[in-house]
Amino acid sequence: MTDTPLYTALLEHRQKNRASFHTPGHKNAPDAIPPDLLSLDFTELPDTDSLFEAEGAILAAEQQAARLFGAKRTLFSAGGCTLCLQAMLYLAAPRGGTILFDRVLHRSVVHTMALLDITPVWILPRPTAGRGLPGRVESRDVLSALREHPDAKAVFLTSPDYYGVLADIPAISAVCREAEVPLLVDNAHGTHLAFLKKNLHPLFLGASATACSAHKTLPVLTGGAWLHLAEPSFVPDAKRAMALFGSTSPSYPVMASLDLARAWLEESGRAAFAALEDRASAVRELAARQGIPSPEGGCDPVRLTLRTAEAGIPGKDAAGLLRKHGVEPEYADAAQVVLIATPFNSESDFQRLETAIRALRPGKAIAEAAPALPALPPMLLTPRQALLSPAEELPLTAAAGRIAAETACPCPPGVPVVMPGEKITDEIADFLHGYGIFSLKVVK
């Protein structure tokens with residue numbers, strides 16, 4: 001086998017032996033996942049159960065996960081958090097309609113809007129401290145939106161966001177309960193929040209349903225996720241919703257890793273994450289002494305978001321220096337570097353990271369690292385109409401004034417600047433051009 005470009009690329013990356021501060025959460029550590037999972041790559045058999053029927057071992061494993069997280073029902077996904085998000089939105093709006101959305105959202109949610117003919121109404125986040133951060137939706141914003149749109153079938157938030165910023169789930173869930181609408185939370189980056197010193201998991205704090213990408217922060221193979229349901233009315237159709245979007249050939253090793261992770265969480269998770277909180281705090285304190293702050297207040301205690309632009313270092317430049325010191329970050333943009341730490345990062349990993357942080361040389365803050373977002377554009381078509389219409393790709397100069405047929409979401413701040421169905425204004429075209437985006441698909 002001499003012509004294997006992907007396999008070869010993976011081998012070559014492994015040989016770099018960088019400290020992994022990115023997904024997946026198992027960090028390829030030898031003690032994170034049993035090495036024999038390949039030998040367990042079976043299919044639906046009489047004694048292995050079937051994911052979308054789940055009457056035997058899979059059902060039992062899902063029930064144990066539900067007990068651990070305090071859910072009315074928990075469902076396995078081997079199709080990542082995307083499958084959980086699709087099912088969650090279907091349960092709330094199976095025949096379409098209006099849902100209130102935080103503007104911070106994953107593109108799979110946009111695609112699901114089109115599939116289900118959901119019309120979004122935007123709850124715009126309020127700015128948070130720190131350049132380049134997308135902001136936080138507050139309960140008063142949700143209350144105002146619900147009063148203006150009493151026909152809304154649900155409220156959908158992303159918490160935590162990519163940078164670790166948490167929404168005020170207790171207050172927002174109270175508003176939603178009063179209005180008798182479900183609160184749906186994309187908790188892709190927060191599965192571990194239930195096992196911190198203080199339980200910050202949105203299901204525990206009052207959400208009606210959460211989509212949790214377990215593989216991001218737990219010892220789970222990539223693609224493993226949980227859909228947790230607290231709303232009883234969602235339970236009867238939950239498997240049907242998952243089957244509507246999911247593959248009929250789910251990976252048994254991925255599902256087995258979810259089961260193993262649940263067992264690990266029960267036995268060791270709280271102590272492991274408590275230690276991780278302390279270690280992450282030490283890293284942030286070191287960065288602060290170097291003049292590199294982190295987001296303040298209402299953030300995931302183990303997410304490391306280093307706002308290097310405030311110390312005069314573009315995030316992408318800082319990421320390059322980290323790599324030279326043998327550290328691979330999750331993400332970098334103009335304003336900051338994002339690192340995902342889990343209990344399976346070794347002390348050697350953290351020492352490498354601290355050495356790299358000490359090598360960063362702070363300077364004058366970069367004022368324009370994250371320019372202000374353009375005004376929200378008018379929506380001329382629904383996402384379904386725009387995404388399913390014939391489209392053409394045009395230079396931005398020619399696309400101005402046309403209707404977008406795709407999402408443009410430069411980072412920072414991780415918020416879609418224009419969505420399918422929205423008008424591409426001159427201001428948006430100029431903004432995207434400044435981020436190195438020179439063309440966009442538009443509706444013909």
Side-chain angles (χ1 to χ4, degrees), residues 9-37 162-164 189 191-193 195-197 213-222 224 257 260-261 264-265 267-294 299-308 311 313 315-332 336-362:
L10 294 171
L11 290 176
E12 290 175 350
H13 180 78
R14 185 177 66 182
Q15 289 172 356
K16 293 178 180 177
N17 194 32
R18 288 177 177 161
S20 169
F21 283 93
H22 54 82
T23 65
H26 57 69
K27 309 296 183 181
N28 305 103
D31 59 340
I33 294 176
D36 65 344
L37 281 186
Y162 205 55
Y163 304 103
H189 284 268
T191 312
H192 62 283
L193 293 174
F195 306 95
L196 301 178
K197 295 176 183 178
S213 193
H215 74 89
K216 286 184 168 60
T217 56
L218 298 180
V220 172
L221 292 175
T222 298
S257 71
L260 288 163
W264 175 81
L265 286 168
E267 296 168 6
S268 309
R270 296 186 192 282
F273 276 103
L276 180 64
E277 280 191 67
D278 294 339
R279 197 65 184 86
S281 178
V283 172
R284 279 191 290 270
E285 290 173 4
L286 170 64
R289 291 196 296 272
Q290 290 290 104
I292 303 168
S294 300
C299 294
D300 176 358
V302 299
R303 178 60 53 102
L304 294 169
T305 298
L306 305 181
R307 291 172 10 211
T308 58
I313 308 166
K316 292 184 178 180
D317 290 355
L321 187 144
L322 292 181
R323 292 188 183 98
K324 289 180 181 178
H325 282 79
V327 173
E328 188 67 44
E330 167 71 15
Y331 172 76
Q336 52 239 329
V337 178
V338 178
L339 302 109
I340 296 179
T342 80
F344 293 92
N345 281 110
S346 66
E347 178 58 25
S348 173
D349 291 341
F350 283 106
Q351 289 174 2
R352 280 199 211 179
L353 175 59
E354 289 172 333
T355 297
I357 290 172
R358 291 188 186 98
L360 294 172
R361 294 291 176 258

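These numbers come from a predicted model, not from an experiment.
Residues meeting the side-chain hydrogen bond (donor to acceptor under 3.5 Å, both in side chains) test with Asp278, sequence neighbours left out: Lys197. Not counting sequence neighbours, the partners of Leu286 by the side chain to side chain contact (heavy atoms under 4.5 Å, CB included) test are Arg289, Glu354, Ile357, Arg358. Residues satisfying the side-chain hydrogen bond (donor to acceptor under 3.5 Å, both in side chains) test with His325, not counting sequence neighbours, are none. Every residue two or more places apart in sequence or in another chain was checked for a side-chain hydrogen bond (donor to acceptor under 3.5 Å, both in side chains) with Ser257, and none qualifies. Residues satisfying the salt bridge (charged side-chain N to carboxylate O under 4.0 Å, His left out) test with Arg323, not counting sequence neighbours, are Glu328. Under the rule for a side-chain hydrogen bond (donor to acceptor under 3.5 Å, both in side chains), Gln290 has no partner lying at least two apart in sequence or in another chain.
One distance of note links CD of Glu12 with CG of Leu10; it measures 9.5 Å at 0.5 Å rounding. Atom CZ of Arg303 and atom OH of Tyr162 lie 7.5 Å apart (nearest 0.5 Å). Rounding to the nearest 0.5 Å gives a distance of 11.0 Å between CG of Leu322 and CG of Asp317. Rounded to the nearest 0.5 angstrom, Ile292 CD1 and Thr305 OG1 are separated by 13.0 Å. With rounding to the nearest 0.5 Å, the separation of CG in Leu304 from SG in Cys299 is 11.5 Å.
The minimum heavy-atom distance between Pro329 and Ala319, with the atom names listed, is CG-CB, 4.0 Å. The minimum heavy-atom distance linking Leu276 with Ala341 is given by the pair CD2-O, 3.5 Å. Summarising the geometry of Lys27 relative to His22, their closest heavy-atom pair is NZ-O, 2.7 Å, with the distance given to 0.1 Å. What you find for Pro219 and Ala32 is that their closest heavy atoms are CB-O, 3.6 Å. For the pair Pro301 and Ala280, the tightest heavy-atom approach, listed with the atom from each and the gap, is O-CB, 3.8 Å. Shortest non-hydrogen contact noted between Ala318 and Thr308 is CB-CG2, 3.8 Å.
A heavy-atom distance below 4.5 Å is not found between the side chains of Thr342 and Leu218. Using a 4.5 Å heavy-atom threshold, the side chains of Ser20 and Asp349 count as separate. Considering only heavy atoms from C-beta on, His26 stays 4.5 Å or farther from Val220 through its side chain. A 4.5 Å side-chain heavy-atom check between Leu339 and Val327 finds at least one atom pair inside the cut-off. Annotation: side chain of Ile33 is in contact with side chain of Leu37 (closest heavy-atom distance under 4.5 Å). Taking 4.5 Å as the limit, every side-chain heavy atom of Lys216 sits out of range of all side-chain heavy atoms of Thr191. Ser294 has its side chain out of reach of Tyr163: every pair of non-hydrogen atoms, C-beta onward, lies at least 4.5 Å apart. The shortest side-chain heavy-atom distance between Phe344 and Thr217 does not fall under the 4.5 Å cut-off.
Between the Arg361 side chain and the Ile313 main chain, no donor and acceptor come within less than 3.5 Å of each other. Side chain of Ser281 to backbone of Glu277: no donor-acceptor contact under 3.5 angstrom is found.
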- Task: Kindly determine whether His189 and Ile340 satisfy side-chain contact (heavy atoms from CB on, under 4.5 Å), including the steps that lead there.
- Result: CA-CA 9 Å; His189 284 268; Ile340 296 179; 4.2 Å; yes
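Centroid-to-centroid, the aromatic rings of Phe21 and Tyr331 stay 6.0 Å apart or farther.
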